[in-house]
Every structure is written in C-alpha cells, then in structure tokens.
Amino acid sequence: MTSVRQSEPAAGRLAENIVHFARALRTAGIPVGPGAALDALAAVRAAGVGTRDDFYWTLHAVFVKRHERSLLFDQAFRIFFRRRGHLDQLLAMLPRAPPRGPEKPPPGAQRLAEALLSSREEGERKPPQLEMDARLTVSDREVLRSKDAIKRLVLSLDEVKTRRLAPHRHGHIVDIRRTLRASLKAGGAVIDLKYLGPRKKLPPIVALLDISGSMSQYTRLFLHFLHAVTDARKRVHTFLFGTRLTNVTRAIKAKDVDEALAAVSANVADWSGGTRIASSLAAFNKLWARRVLTQGAIVLLITDGLERDPDDRLAFEIDRLHRSCRRLIWLNPLLRFSGFEAKAKGIRAMLPHVDELRPIHNLDSMMELVRALSADGARPGDPKAWLDRVA
C-alpha cells in the first residue's frame, strides 16, 4: 500500500498525539516515561507512517515491554485513535472501518476511558470529543475511586499454629541436629541447646460469593478486594455460586484486576441467575472442604440468604461448613437497611450456624471487615440475636 506523505503540520499533530498517548498509557498503568515517548517519535519518523497496522506495531514495540501489558495497550490504542480520529486524518488513504453496534466493554475499558479523558483534559483546552461509556456516571466514578481504595486495604490476620515444627527461641522440644552442629562449631566445650516450636502460618481465606441477580453488583465490588488480597497472599480460595458452584481461584490470580475479572466472568455460566445456596454449599462440602479448609481457615460467605428452594438441607450444609472451619463470617448486603429483619426462611436457617453477621455494601463496611479480621478487630454480637428481632 502506498504510504502517506506527511506535511509539517500533520507531522506536528502526530508527534503531539504520540505524547498524549504515552501520557494516557502511563495513567492507565503502563510505565512509560518521557524517554519512551521520544523513542516512539524517533521510531515513527524512521519507519514512516504507512498503514494503521505499521503505526500500531511501531508504538507497541516501544511502549510494551511485558507480555501481560499487550491487552491494555491494544485497548488504549483503539479507544484513543478511533474515537479522537487523529490517526484517520493522517492516514487519509486508508478505508474507514464501518461503525459497529454496541458491544460489551473489554477488560480495562473503564480504566482506559478515565486515563484517556484525563490526558485530553491536561493536554488541550477544548472539551474531549469522546463517546464515553454510559456507565461512567458520577456514581460510577465514585465506585472507581472505591476500587482504588480497595487496593490499598491491608489485611492482617493472626497467625495460627500448625503441627509442623520450626526453630524457635522459646520452644519446648530440643533440636538435636542444630544443637550438635552448634556444639561442634565451638569445639564441643559448650553445648547451647537449640529448640523447636510450632510453626506459625497465616490461615487460609476461603470466599464463597453469591452471583445471583440480587447480589451480582456487590460481588463484583468484593472481587476487587479478593484480587488485592490474593495478590498479597498465597492461600486465598475463591468460589462463585448461583445455581452451581464454580472455582475461580486460578482466574482471579491474574496480575491485572480487569483481566482477572474478565477471566472470572468467562468461567461462570450462571451469573445474575437464580440462587441455590443449599446445593452449592453441598457441592463445596463434598468436593472442596477437605482441600481448602485446613490450618484454621476463615470462610467469608457473601450472600443475602434469599434461597430459591429453602428447605432443611440448607441448615444441614451450613452447619457442616461451620464445623469444618475455624471462623465463618456471613456478609449480607441487606444489613445496610435499618429496618432489616430475619424473616426469610433461608436467613433464619443460616443464622444459628455462623460466627459473625456483617454488612458488605460499600467501602466503609469493607474496612470494618478488614479491622474485624485483624488482631484488634472487635466482633459483633451473637448472630442468633437477629432471630428475636422479628416483629
């Protein structure tokens, strides 16, 4: 294809847009410094701007240094140059792609839209001519700020003793091997006893999240918290349930939160469907309890308790789960209402078998959960007390 000769004004506009694009990539999470922007300008001048693909891969070669950042770069390139239209003006000989209908935003679309909008506002005085996603309203901007705050939450748990032994200054078992080695170093004249004590480890965290229609928005927000916790800790297991149980532990371990949530959504077939808590808990108790509920595991159960088919099996399965873990915390978003009462049959069946009942609907309630899981956290009253508050 014949390349397009650039005039001086066009070249100036192209350089300006490359700088703005580099700034947007840095805001979106890709480490791009001024040196990389200068390298990109030099590479474009050396390679020439012939086709859109040539321009894409030239910038990709300069800005993307790690494979996992390719998806973020791809979405940034498409949003930046397609919606602003500067590249199409410079490459006038290329046919314009026909407009597509509304599609589901790709992973990272909201974060990229925020980054591109802020970059445009800093670099130009004119208002941005971007077709923003309808979900980026004022309330959703607050949600994005909450997600950023979630990343900074630090979860500190009490370490639990295990059956394995480790060197311990105040242990109660003499470590013969270490004692003999220490005595040989001193020539055998002095015997300094070395001791073993119980090895301590952070307890595993097991999260069971309801993804039914009434719970999906809270579950998505809590998944951001679990992603941050999983990134900092190794033993975190995440399960989603609606009408069936799905293990998404491996999917949520992706380094980028948007890629992790996209992988989670791809693995779940019953999102925003019905709720079958009893059958999902039965599947977990049968298939996963012995694998993940070890060494004082803490279980976080996120559901509103509105069981689709409430029966006696729910009480049996929740009691079995309670006996298998060290601490069972029920997080219910319905507690945000001041007039909440435990009237639903599913809620009344679950209350006697949980250690704590807490709200989970905003950042403040999430911070309260973090404090509750820490050593200094205060625990609420007996969850069974809710059974007596029904009018």
- Message: Are the side chains of Tyr195 and Val174 in contact, using a 4.5 Å heavy-atom criterion?
- Response: yes

- Task: Carefully, step by step, assess Val206 and Trp288 under the rule side-chain contact (heavy atoms from CB on, under 4.5 Å).
- Result: CA-CA 10 Å; Val206 179; Trp288 295 101; over 6 Å; no

- Locate the shortest heavy-atom distance separating Pro333 from Thr303; write the atom from each residue and the value. CD-O, 4.1 Å

- Message: Evaluate Arg220 against Leu261 for side-chain contact (heavy atoms from CB on, under 4.5 Å), listing each step before the verdict.
- Response: CA-CA 8 Å; Arg220 290 183 185 276; Leu261 296 185; 5.9 Å; no

- Is a donor on one side and an acceptor on the other found under 3.5 Å between the side chain of His227 and the backbone of Ala254? yes

- Message: To check you understand the geometry: which heavy-atom pair defines the closest contact between His170 and His168, and what is its length?
- Response: N-ND1, 2.9 Å

- Determine yes or no for a side-chain-to-main-chain donor-acceptor pair under 3.5 angstrom, with Thr249 supplying the side chain and Thr238 the backbone. yes

- Shortest non-hydrogen contact from Met215 toward Asp304: SD-N, 3.6 Å

- Query: Is the Phe77 ring parallel, tilted or perpendicular to the Tyr56 ring (thresholds 30°, 60°)?
  - Reply: perpendicular

- Message: Can you tell me which residue among Leu41, Leu38, Thr58, Val62 is in a side-chain contact (heavy atoms from CB on, under 4.5 Å) with Ile18?
- Response: Leu41

- Distance col, row Leu25:CG vs Leu72:CG, nearest 0.5 angstrom, shows 7.5 Å

- Sequence neighbours excluded, the answer for salt bridge (Lys or Arg N to Asp or Glu O under 4.0 Å) partners of Arg313 is none

- Same cluster or not: are Leu193 and Leu184 linked, directly or through other Ile, Leu, Val, Met, Phe, Trp or Tyr residues, by side-chain heavy atoms under 4.5 angstrom apart? no

- Query: Taking side chain as C-beta onward, heavy atoms only, is His322 less than 4.5 Å from Asp355?
  - Reply: yes

- Task: State, with a plain yes or no, whether a side-chain heavy atom of Phe222 is found less than 4.5 Å away from one of Leu300.
- Result: yes

- Item | Tyr218 side, atom OH; Ile360 side, atom CD1 - distance, nearest 0.5 Å | 11.0 Å

- So which of Ile329, Leu328, Leu369 actually passes side-chain contact (heavy atoms from CB on, under 4.5 Å) with Glu356? Ile329

- Taking NZ, NE, NH1 and NH2 as the nitrogens, is one of them in Lys194 or Asp192 under 4.0 Å from a carboxylate oxygen of the other? yes

- Query: Do the side chain of Asn285 and the main chain of Leu281 share a donor and acceptor less than 3.5 angstrom apart?
  - Reply: yes

- Check the hydrophobic clustering (I, L, V, M, F, W, Y; side-chain heavy atoms under 4.5 Å; chains of links allowed) and say if Phe316 and Leu301 are grouped together. no

- Message: Is there a side-chain contact between Ile347 and Phe340 in this structure, where contact means two heavy atoms from C-beta onward sitting under 4.5 Å apart?
- Response: yes

- Minimum-distance pair of heavy atoms, taken over all atoms of Phe63 and Ala40: CZ-CB, 3.5 Å

- Test item: Arg78 and Asp74 side chains (from C-beta on) under 4.5 Å apart, heavy atoms: yes

- Message: Using every non-hydrogen atom in the two residues, find where Leu357 and Pro383 come nearest and quote the distance to one decimal.
- Response: N-CG, 4.0 Å

- Item | Sub-4.5 Å side-chain heavy-atom contact between Phe284 and Val299 | no

- Query: So, the side chain of Asp270 versus the backbone of Arg244: is there a donor-acceptor pair under 3.5 Å, distance only?
  - Reply: yes

- Under a 4.5 Å side-chain heavy-atom rule over Ile, Leu, Val, Met, Phe, Trp and Tyr, are Phe239 and Leu287 clustered together? yes

- Task: Flag the pair Ile318 / Ile277 as yes when at least one side-chain heavy-atom distance between them is below 4.5 Å, and no otherwise.
- Result: no

- Grab the two heavy atoms, one from Leu387 and one from Arg348, that are nearest each other, plus how far apart they are. O-NH1, 3.7 Å

- Any donor-acceptor pair under 3.5 Å from Asp210 side chain to Thr275 backbone: no

- Message: Ala42: which residues meet the side chain to side chain contact (heavy atoms under 4.5 Å, CB included) condition with it, sequence neighbours left out?
- Response: none

- Would you say the side-chain atoms of Arg358 pair up with the backbone N or O of Ser365, donor to acceptor, closer than 3.5 Å? no

- When you look at Lys255 and Arg66, which way does the side-chain contact (heavy atoms from CB on, under 4.5 Å) test go after all the steps? CA-CA 12 Å; Lys255 292 185 178 181; Arg66 301 181 63 178; 3.2 Å; yes

- Quick one: does Gln295's side chain get under 4.5 Å of Arg235's, heavy atoms only? yes

- Message: Using a 3.5 Å distance criterion without hydrogens, assess whether the side chain of Arg26 forms a donor-acceptor pair with backbone atoms of Val32.
- Response: yes

- Task: Taking atom CZ of Arg336 as the centre, report whether more than 12 heavy atoms of other residues, nucleotides or ligands fall under 6.0 Å from it.
- Result: yes

- Item | Side-chain donor or acceptor of Arg69 paired with backbone N/O of Lys65 under 3.5 Å | no

- Would you sort out whether Asp175 and Leu165 count as a side-chain contact (heavy atoms from CB on, under 4.5 Å), showing the intermediate values? CA-CA 10 Å; Asp175 188 347; Leu165 300 177; over 6 Å; no

